[in-house]
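For reference, the structure discussed in these notes is given below.
Each residue takes its place number in the sequence, starting with 1. This structure is a prediction, so every number in the text was calculated from the model and none was measured. Indexing begins at 1, ligand by ligand and atom by atom, following the structure's order.
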Amino acid sequence: MAKKATSEELTDALMEHITITEEQIARLEEVFGLLGKKAQAKKCEAMDGLIREATEIMESTESGIVRDAGIIAASQKVEHYEIASYGTLCAFAKVLGEDEVAALLEETLNEEKEADMKLTEVAESSINVEAAEDDEEAEEVSTATKSKSKRK
Ligand SMILES: [Fe+2]
């Protein structure tokens, strides 16, 4: 998604979150260490679906502001899923008295919330408005082309 975004602000936000995600992976390994468990990768079907949806959005739009708005929408769905997951894990850790684990998970939870807010900011500051205008232009172009061909 970062590679397909055209807005610099959006690309920066996505790239920054990739760096943060690397740190979150290290934090998760620390959580497993604290619990004395081996970290093991497992495919998440829900996340896989969100990624497929994002791919579909990118495939059905041309590079530009409208696709950027779609990328934000797809990214925010991912962030919201992460917020729900980390929020639940954090609550579980607290109730189990795993305070250190809870603190680590809360750190990640807050980063996901920040990423979500940043995306909202990027969307509301310019991309959504520009995409709406761009879409109107596209519609005008399409209507104009249609009436022209009718006249013929
Ligand atoms: Fe995230």
Side-chain angles (χ1 to χ4, degrees), residues 1-139 142:
M1 285 193 267
K3 278 185 194 154
K4 298 223 169 167
T6 57
S7 146
E8 204 185 320
E9 211 186 343
L10 176 57
T11 311
D12 288 350
L14 294 172
M15 291 307 289
E16 193 195 324
H17 197 59
I18 291 172
T19 311
I20 289 170
T21 304
E22 295 297 325
E23 291 162 19
Q24 292 176 343
I25 294 168
R27 206 176 285 140
L28 272 181
E29 278 159 2
E30 208 180 324
V31 164
F32 277 97
L34 283 167
L35 296 170
K37 304 270 183 198
K38 193 176 167 277
Q40 218 179 349
K42 195 179 167 215
K43 186 181 165 189
C44 172
E45 294 297 337
M47 191 59 89
D48 197 50
L50 291 173
I51 293 167
R52 268 201 312 259
E53 191 181 293
T55 307
E56 214 178 287
I57 288 172
M58 291 190 289
E59 280 170 356
S60 61
T61 50
E62 280 172 26
S63 179
I65 208 77
V66 172
R67 181 187 278 170
D68 283 1
I71 288 174
I72 293 178
S75 303
Q76 284 193 293
K77 285 192 185 184
V78 168
E79 296 312 328
H80 281 239
Y81 182 74
E82 290 174 332
I83 290 167
S85 303
Y86 281 114
T88 301
L89 289 176
C90 193
F92 285 173
K94 276 181 191 162
V95 87
L96 291 169
E98 296 285 352
D99 296 342
E100 219 176 321
V101 169
L104 286 166
L105 293 170
E106 197 158 24
E107 227 177 295
T108 297
L109 176 63
N110 290 334
E111 286 171 355
E112 300 298 3
K113 286 179 182 172
E114 273 171 40
D116 180 53
M117 280 192 289
K118 177 72 196 167
L119 287 166
T120 298
E121 216 179 278
V122 173
E124 289 179 349
S125 70
S126 61
I127 292 177
N128 279 359
V129 178
E130 284 173 38
E133 284 166 1
D134 193 296
D135 204 37
E136 276 164 18
E137 268 174 44
E139 267 178 18
S142 136

Hey, could you give me the [atom1]/[atom2] distance between [X] and [Y], rounded to the nearest 0.5 Å?
X   : Y    : atom1 : atom2 : result
L35 : E100 : CG    : CD    : 10.0 Å
L28 : L104 : CG    : CG    : 9.0 Å
K94 : E106 : NZ    : CD    : 4.0 Å

Practice prompt. Return the set of residues passing side-chain contact (heavy atoms from CB on, under 4.5 Å) with I83 (not counting sequence neighbours), or none when no residue passes.
Written response: L109, E112, K113, D116
Worksheet item: Which of these passes side chain to side chain donor-acceptor pair (under 3.5 Å) with H17: E79, E114, E111?
Response: E79
Fill in: Residue and atom names of protein N/O/S atoms that fall under 2.8 Å from the Fe ion (ligand 1)
H17 NE2, E79 OE1, E82 OE1, E112 OE1
Discussion item. Salt bridge or not between E121 and K118? Use side-chain N to carboxylate O under 4.0 Å.
Written reply: yes
